[in-house]
Amino acid sequence: MHTVGELLQQWRHRRRLSQLDLAIGADVSARHVSLVETGKSNPSADMILRLADQLDVPLRERNRLLLAAGFAPRYAERPLDGDALSAAWDAIARVLRAHEPYPALVIDRRWNIVMTNRAIDPFLADVAPDLLRPPINMVRLGLDPRGLAPHIVNLAEVRSLLRTRIARQLAAAPDPELTALYEDLLAPDSEDASHPIESEVATPMIFRFGERELRLFSTTTTFGTPMDITLDEVAIESYYPGDAESAAYFTTSDADARADT
């Protein structure tokens with residue numbers, strides 16, 4: 001069990017900040033930061049949260065800091081589809097529907113799929129049933145040979161992009177389950193670990209289904225000021241066509257019919 005000072009020091013090192021850097025950002029003295037980290041001063045709950053805000057600590061870990069100092073957690077974790085978050089759930093559902101006919105989905109911090117729109121359905125037609133049992137993991141779904149992997153033309157590039165994103169995510173906020181997923185599917189010693197990414201800003205995913213090739217790129221949307229752990233840890237992945245041919249696939253009546261099945 002770590003003390004609150006030890007945990008804050010770990011986060012400060014993770015963010016590569018000096019005690020002075022943190023002190024200036026939090027508007028406290030560097031001496032006070034030092035006393036807190038060494039356990040010679042007991043910080044208030046408000047001070048812990050002020051330091052955590054400067055360190056960009058995730059809400060889940062802020063609760064851990066508070067508990068380590070003997071305070072009650074400040075941030076709830078409630079089901080996204082529960083009554084308490086019904087407004088957020090409805091807003092997300094509207095965003096997904098509005099994005100149709102293009103695909104969009106919601107993932108949690110471990111890349112498990114929480115919600116999708118109808119445009120995702122055709123992509124899952126040939127996926128092995130066990131990969132579609134909840135929780136459906138987006139990374140496993142994309143990289144498993146029984147999932148979407150056989151249909152992704154630039155699979156090595158997509159794997160490299162996922163490796164970069166998840167490695168960055170783990171550096172920002174370590175998580176044992178996400179680490180296990182990374183080591184299982186994205187470990188740097190895999191055969192294409194050194195495959196270059198031409199552009200992380202808009203790296204396309206190129207799918208081939210039969211004779212048809214689809215080029216898609218994605219954007220990620222998160223809640224701006226969440227006060228709930230669940231909202232803090234979900235993101236909307238929205239996909240857009242990368243060329244006219246791909247756009248036409250989603251806007252034809254045939255595509256609409258497939259999405260309705």
Side-chain angles (χ1 to χ4, degrees), residues 80-81 89 92-93 95-97 99-166 169 175 177-187 190-192 195 203-221 233-243 245-261:
L80 185 58
D81 57 353
W89 176 271
I92 293 172
V95 169
L96 295 187
R97 287 195 300 270
H99 194 65
E100 294 175 355
Y102 307 127
L105 50 82
V106 181
I107 57 173
D108 65 17
R109 66 189 175 117
R110 292 167 176 160
W111 292 67
N112 293 318
I113 298 176
V114 177
M115 189 190 313
T116 71
N117 66 8
R118 296 180 304 166
I120 291 288
D121 295 345
F123 289 82
L124 307 180
D126 298 326
V127 171
D130 63 293
L131 291 177
L132 298 178
R133 295 193 192 107
I136 304 171
N137 187 269
M138 179 178 167
V139 178
R140 196 171 298 281
L141 179 68
L143 300 183
D144 195 295
R146 299 167 303 134
L148 295 175
H151 300 289
I152 301 177
V153 177
N154 60 333
L155 183 61
E157 188 175 31
V158 169
R159 183 182 284 111
S160 292
L161 178 61
L162 288 171
R163 180 183 296 112
T164 299
R165 286 185 61 178
I166 295 180
Q169 184 180 340
D175 178 87
E177 289 190 29
L178 190 58
T179 297
L181 181 73
Y182 179 91
E183 292 175 348
D184 184 25
L185 297 173
L186 300 166
S190 60
E191 61 183 16
D192 59 350
H195 190 89
T203 299
M205 293 183 68
I206 306 172
F207 292 91
R208 181 175 293 126
F209 296 96
E211 299 299 318
R212 186 186 295 272
E213 191 170 280
L214 302 175
R215 301 177 66 91
L216 304 176
F217 66 92
S218 68
T219 62
T220 302
T221 304
E233 295 179 346
V234 297
I236 301 174
E237 294 276 333
S238 304
Y239 293 85
Y240 296 84
D243 55 31
E245 292 78 8
S246 300
Y249 166 80
F250 291 105
T251 55
T252 61
S253 58
D254 286 345
D256 292 338
R258 284 192 295 274
D260 288 332
T261 59

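Residues: numbered from 1 along the sequence shown.
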Just how far is it from atom [atom1] of [X] to atom [atom2] of [Y], taken to the nearest 0.5 Å?
{"X": "Thr116", "Y": "Ile107", "atom1": "OG1", "atom2": "CD1", "result": "13.0 Å"}
{"X": "Phe123", "Y": "Leu216", "atom1": "CZ", "atom2": "CG", "result": "5.5 Å"}
{"X": "Met138", "Y": "Asn112", "atom1": "CE", "atom2": "CG", "result": "11.5 Å"}
{"X": "Arg110", "Y": "Asp175", "atom1": "CZ", "atom2": "CG", "result": "4.0 Å"}
{"X": "Arg140", "Y": "Leu181", "atom1": "CZ", "atom2": "CG", "result": "5.5 Å"}
{"X": "Arg146", "Y": "Asp130", "atom1": "CZ", "atom2": "CG", "result": "4.0 Å"}

pair [X]-[Y]: side-chain heavy atoms closer than 4.5 Å:
{"X": "Ile136", "Y": "Leu124", "value": "no"}
{"X": "Ser238", "Y": "Tyr102", "value": "no"}
{"X": "Glu245", "Y": "Glu213", "value": "no"}
{"X": "Tyr182", "Y": "Arg163", "value": "yes"}
{"X": "Ile152", "Y": "Asn154", "value": "yes"}
{"X": "Leu80", "Y": "Asp108", "value": "no"}

Grab the two heavy atoms, one from [X] and one from [Y], that are nearest each other, plus how far apart they are.
{"X": "Thr220", "Y": "Ala235", "result": "CG2-CB, 3.8 Å"}
{"X": "Glu237", "Y": "Ser218", "result": "OE1-OG, 3.7 Å"}
{"X": "Pro145", "Y": "Pro150", "result": "O-CG, 3.0 Å"}
{"X": "Asn117", "Y": "Pro103", "result": "OD1-CA, 3.7 Å"}
{"X": "Ser246", "Y": "Gly242", "result": "CB-N, 4.3 Å"}
{"X": "His99", "Y": "Tyr239", "result": "NE2-O, 2.7 Å"}

Side chain to side chain contact (heavy atoms under 4.5 Å, CB included) between Val95 and Thr221, intermediate numbers included: CA-CA 10 Å; Val95 169; Thr221 304; over 6 Å; no
Phe209 and His151 aromatic centres sub-6.0 Å: yes
Member of Asp184, Leu148, Leu162, Asn137 meeting the side chain to side chain contact (heavy atoms under 4.5 Å, CB included) criterion with Leu143: Leu162
Leu132 and Leu141: CA distance, side-chain angles, deciding distance, side chain to side chain contact (heavy atoms under 4.5 Å, CB included) verdict: CA-CA 8 Å; Leu132 298 178; Leu141 179 68; 4.1 Å; yes
